[in-house]
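Everything below concerns the one structure shown next.
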Amino acid sequence: MNVVNLKRAAVRLACIAIAGIGLAGCYNLDATLSFRDDGTASATSRFDFPRDAKHVFKFYQAILELQPASAKIVENGLCQSVQNLGALNKAGPVDIQGREYTTEDRFGCGFLVELGDSAQAIDRLKQSPTQAAQILSLEHLAPRRVKITFDFNNVPDFAQMMPGLVMLGAMRYGAPGQGLPNMAAVQKLTDAYADAALAMTRMSAPKNHIQVAIKASNVIETNGEQDGDLVRFRWSAEEFMRLVVKRDDREPAERIYYAVIELSLIHIS
């Protein structure tokens, strides 16, 4: 491997990270966690892509249909194929419903997950990857009172991770004896990373948004936007990106969003 290829390998992980973050803003995301009056819970989400994304989805569906093992799974579309993942859940089958839809200017995927008993759903969410990373935390304040918190202070600082990612890429893909990238060049890449991620988001999704909502009949307290039994946390794509890459001037307390709710009991007839 020559020096040019080594340098390309060294920045490969960084480029993938930038591209992935930039593409994350190409859709609107609306997700709602609902705790019903009957004591059950569900999660709904929808991803609104640009309308032309339907052609990309059809292309990948066609690729998967080339293999007999996957053809049956995706025969009704990529969005519906997610329903099959519910059967693979280690804690037991989960009812997942998926659908494709189109609007005047959007193509999208919608999902509904039935979570069963609200208290059990809380326990499962406590074991989720976001909970493990302390981005999403759920705390019982009383037997049926739960505080749900989104803490962006705990999001990994990609800018701080970039030098390590570049060096790991160089060590993995570089040829013996070629050496590692110059640290000044690595620092230049690190300094440019967050600005590039924000710029890609502005270019690809100037009007897009990310919204997470919590629905419960009894909302005790929140710093979100409350409308009756619904609490919304909504960010523009660029604002959300700033929270992720830690580029805004917010105080730590301003990077925390929470809602305190009270769960209904299961009604037994």
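- Within 6.0 Å of OH in Y101 there are more than 12 heavy atoms belonging to other residues, nucleotides or ligands.
- With rounding to the nearest 0.5 angstrom, the CG atom of L29 is 7.0 Å from the OG atom of S45.
- Here CG of D123 is found 11.0 Å from OG of S118. Values are rounded to the nearest 0.5 Å.
- Formation of a donor-acceptor pair under 3.5 Å by the R106 side chain with backbone atoms of D48 is found in this model.
- Only one option out of V231, V212, L230 pairs with T32 in a side-chain contact (heavy atoms from CB on, under 4.5 Å); it is L230.
- When side chains are defined from C-beta on, I122 counts as touching L263, because their heavy atoms get closer than 4.5 Å.
- We find that E139 and K147 are not joined by a salt bridge, their nearest charged nitrogen and carboxylate oxygen being 4.0 Å or further apart.
- Identified under the disulfide (SG to SG under 2.5 Å) test for residues 43-83, with sequence neighbours left out: C79-C109.
- Take K58 and apply the side-chain contact (heavy atoms from CB on, under 4.5 Å) test, not counting sequence neighbours, and it matches Q61, E100.
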Under the side chain to side chain contact (heavy atoms under 4.5 Å, CB included) rule, what do L243 and V155 come out as? Steps first, then yes or no, please.
CA-CA 8 Å; L243 286 168; V155 173; over 6 Å; no
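- Put simply, the side chain of L115 reaches to within 4.5 Å of the side chain of L33, judged on heavy atoms.
- Under the 4.0 Å criterion applied to side-chain N and carboxylate O atoms, E114 and R36 are assigned as salt-bridge partners.
- Across N223, D151, I214, a single residue satisfies side-chain contact (heavy atoms from CB on, under 4.5 Å) together with Y258, and that is N223.
- Taking OG1 of T44 as the reference point, atom CD of Q97 lies at 11.5 Å (rounded to 0.5 Å).
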Going through the checks in order, is the ring pair (Phe, Tyr, Trp, His ring centres under 6.0 Å) test met by F240 and F233?
CA-CA 11 Å; F240 189 82; F233 303 108; over 10 Å; no
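- In this structure R51 satisfies the side-chain contact (heavy atoms from CB on, under 4.5 Å) test together with K54, T102, sequence neighbours excluded.
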Given side chain to side chain donor-acceptor pair (under 3.5 Å), test H140 with R145 step by step and report yes or no.
CA-CA 6 Å; H140 274 95; R145 186 166 294 187; over 6 Å; no
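- Considering only heavy atoms from C-beta on, F107 stays 4.5 Å or farther from F47 through its side chain.
- Judged purely by atom type and a 3.5 angstrom limit, T201 has no side-chain atom pairing as donor or acceptor with the backbone of M241.
- Annotation: side chain of S42 is in contact with side chain of L112 (closest heavy-atom distance under 4.5 Å).
- Distance alone, capped at 3.5 Å, is enough to place a donor-acceptor pair between the Q83 side chain and the G98 backbone.
- Donor-acceptor pairing under 3.5 Å is lacking for the side chains of D229 and S217.
- L64 CG to L78 CG: the interatomic distance, rounded to the nearest 0.5 Å, is 6.5 Å.
- The shortest distance between side-chain heavy atoms of I261 and N218 does not fall below 4.5 Å.
- A side-chain donor-acceptor contact under 3.5 Å links E254 to the backbone of E251.
- Counting only heavy atoms from C-beta outward, the side chains of R232 and Q211 approach each other to under 4.5 Å.
- Residues R242 and E239 are not paired through a salt bridge, judged by the lack of any N-O separation under 4.0 Å between the basic side chain and the carboxylate.
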Kindly determine whether F152 and I256 satisfy side chain to side chain contact (heavy atoms under 4.5 Å, CB included), including the steps that lead there.
CA-CA 6 Å; F152 286 93; I256 298 174; over 6 Å; no
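- Two residues are said to be in side-chain contact when any heavy atoms from C-beta on lie closer than 4.5 Å; L141 and V260 meet this criterion.
- With hydrogens and angles ignored, the 3.5 Å screen pairs a side-chain donor or acceptor of N28 with a backbone N or O of H209.
- Put simply, OG on S236 and CZ on R202 are 10.5 Å apart, with the number rounded to the nearest 0.5 Å.
- Side chain of N153 to backbone of P252: a donor-acceptor contact under 3.5 angstrom is found.
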Between Y257 and W235, is a ring pair (Phe, Tyr, Trp, His ring centres under 6.0 Å) present by the stated rule, with each step listed?
CA-CA 12 Å; Y257 303 84; W235 307 272; 5.2 Å; yes
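- Criterion: ILVMFWY side-chain heavy atoms under 4.5 Å apart, direct or through other members. Under it, F59 and F49 are part of a common hydrophobic cluster.
- What you find for L138 and L136 is that their closest heavy atoms are CD1-CG, 4.0 Å.
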